[in-house]
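Please read the structure below before turning to the comments.
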There are 2 protein chains.
Amino acid sequence: MTASSRPLSRKDIRRENERLILDAAEKVFAEAGFGGATMQLIADMAGLPKANLHYYFPTKESLYRQVVQAIFQDWLKAADIFDDAPGPVEGIGAYIDAKMEISRRHPAGSKVWASEVMHRAPVIQDYLETTLVEWTEGRMSVIRRWIAEGKMDEIDPRHLLYMLWATTQHYADFGHQIETLNGGQPLSDAQWVAAKGAVKRIILKGIGAQPSPAA
Amino acid sequence: MTASSRPLSRKDIRRENERLILDAAEKVFAEAGFGGATMQLIADMAGLPKANLHYYFPTKESLYRQVVQAIFQDWLKAADIFDDAPGPVEGIGAYIDAKMEISRRHPAGSKVWASEVMHRAPVIQDYLETTLVEWTEGRMSVIRRWIAEGKMDEIDPRHLLYMLWATTQHYADFGHQIETLNGGQPLSDAQWVAAKGAVKRIILKGIGAQPSPAA
DNA sequence: GCTTTTTCTGACCGTATGGTCAAGAAAAGA
DNA sequence: TCTTTTCTTGACCATACGGTCAGAAAAAGC
């Protein structure tokens, strides 16, 4: 009858279970940290026996590594918009929107990432040194080009990027604090719109972003 | 001969050991998280036997609680400057300086705080709901006054505060990432000055802060 | 000096955790 | 249908951890 009652192929089973486990793991790692997370907790949240987790992921660390790597991919992808934009208003504006949306839809991932970096990146240090460094260089050169073209103030691109990361990720990583300061309620849709607007407004004005001329 | 060879009074011993333990605990909690930290690690870093830790702090949680509470005090104190300032340029500028200085001198504390909040503030939720809420209200009314006096743009004070917290604390919490992007080197004195300058410049311009008239 | 109080610490304990394993169930292949 | 491969899982193990404790050492009080 239902799709779930018909027997699943092995590939489907594997994909489905890996997804269940990774999703559960992300949440548990985000809420408890690597050290505080237990395989049993992850298993319970995934609705599988603990031994089954070790069938798909041999160790807790290997499971954690996959969670972090997946998050890193999202993190990088969010900035494809950046490059093709004609100027900072579009490029940085869209980047802020994208990263705020990640913070909203995917706060657990952001927290795991923050935790990993705070603990000196024990599992993804090599990625930081290669992929992240290259990525950052690329974005910095885009920003420098905008500066050279007079489209924004002469700001050190590094610190601008840090501010963008810090501000947008704060809404995920410190979401609990924000919620508490919001009377214990999660931000409403309207409040998220206001948050995005405030961030974009302050930063774009702060860097003296000049609107691109209409095409 | 030396001060350390003469016998210490009981009060001195207690104060000294509590300090040793709290300092070590802050570092270990920052590097490993609450779950990843072990009493043995903290004991080793403090140079004391583990049983001695339990003499001064009955449980790991009580030790952690004291660490977090001390950090929270620093966190609040950093904003005394805020209130007496004539306008946003002085007030927010000084606040940014103060918080950047905390990130520089006291990164472990900032990380412990971030970790606590990320994990839904299990031990200081009551402080968030009382002290932090009051503190935030107070600062928001200062900002609203500045807006009413035409000293800055009409910005939602909440999101401005979040941006200040996010940006300044980022230099501590994500210090490892920043260090990696700085060629593996910690920020130099000059780079810290540049960082502070960039942050102040972008934010103060971003909120349209008007310099106060000379007295 | 003698007693009391506080501090110190190695040895120990119960529990929780990451991980293993063997045997069975289920799908795939022949 | 029979065999092979993959998946599932309860029971189990070794270890590490938070915490305890009894007795020694050291100050403080008298």
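Computed from a predicted structure; not experimentally measured. In what follows, every chain begins at residue 1, and chains take the letters A, B, ... in the order their sequences are listed.
- A:Arg14 has no side-chain polar atom (N or O) that falls below the 4.0 Å cut-off from OP1 or OP2 of D:dT6.
- Taking every side-chain heavy atom of B:Ser9 into account, D:dA28 is the closest of D:dT8, D:dG19, D:dA28.
- Of all nucleotides listed (C:dT20, C:dT7, D:dT6), D:dT6 comes nearest to the side chain of A:Tyr55.
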Exercise for review: Determine, stepwise, if the pair A:Asp189 / A:Arg104 fulfils salt bridge (Lys or Arg N to Asp or Glu O under 4.0 Å).
Suggested key: CA-CA 10 Å; A:Asp189 287 4; A:Arg104 184 184 188 184; 2.5 Å; yes
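- Judged purely by distance below 3.5 Å, without hydrogens or angles, the side chains of A:Tyr64 and A:Glu116 pair a donor atom with an acceptor atom.
- Note: CG (A:Asp12) to P (D:dT8) measures 12 Å, nearest angstrom.
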For nucleotides 10-15 of chain C, list the nitrogen or oxygen atoms of the protein found under 3.5 Å from its nitrogen or oxygen atoms, one pair per line.
none

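- The stretch residues 61-71 of chain B has no heavy atom under 4.0 Å from DNA chain D, so no residue of it qualifies as close.
- Residues A:Gln125 and B:His176 have side chains that bring a donor and an acceptor to within less than 3.5 angstrom of each other.
- Checked against C:dG19, D:dG19, C:dC8, the side chain of A:Thr59 finds its nearest nucleotide in C:dG19.
- Each of A:Lys11 and B:Leu53 lies near DNA chain C, and the nucleotide nearest B:Leu53 is the one positioned closer to the 5' end.
- A distance of 6.0 Å or more separates the ring centres of A:Trp165 and B:Phe174.
- Here the OG1 atom belonging to B:Thr167 is positioned 12.0 Å from the NE2 atom belonging to A:His159, to the nearest 0.5 angstrom.
- Computed from coordinates, the A:Lys60 NZ to D:dA16 C1' distance equals 12 Å when rounded to whole Å.
- Counting heavy atoms of neighbouring residues, nucleotides and ligands inside a 6.0 Å radius, atom OH of A:Tyr127 does not exceed 12 of them.
- We find that B:Lys111 and B:Glu26 are not joined by a salt bridge, their nearest charged nitrogen and carboxylate oxygen being 4.0 Å or further apart.
- Listed in residue order, the members of residues 27-46 of chain B having a heavy atom less than 4.0 Å from DNA chain C come to none.
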Between side-chain atoms of residues 27-46 of chain B and protein atoms elsewhere (two or more places apart, or another chain), which donor-acceptor pairs fall under 3.5 Å?
from    : atom 1 : to      : atom 2 : distance (Å)
B:Thr38 : OG1    : B:Leu41 : N      : 3.0
B:Gln40 : NE2    : B:Asp44 : OD1    : 3.1

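- Applying the side chain to side chain donor-acceptor pair (under 3.5 Å) test to B:Glu61 and every residue at least two apart in sequence or in another chain returns B:Arg65.
- Between B:Phe82 and B:Trp146, a ring centre-to-centre spacing shorter than 6.0 Å is recorded.
- Map B:His54 and A:Asn17 each onto its nearest nucleotide of DNA chain D; the residue landing nearer the 5' end is A:Asn17.
- Residues satisfying the side-chain contact (heavy atoms from CB on, under 4.5 Å) test with A:Asn182, not counting sequence neighbours, are A:Gln185, A:Leu187, A:Gln191.
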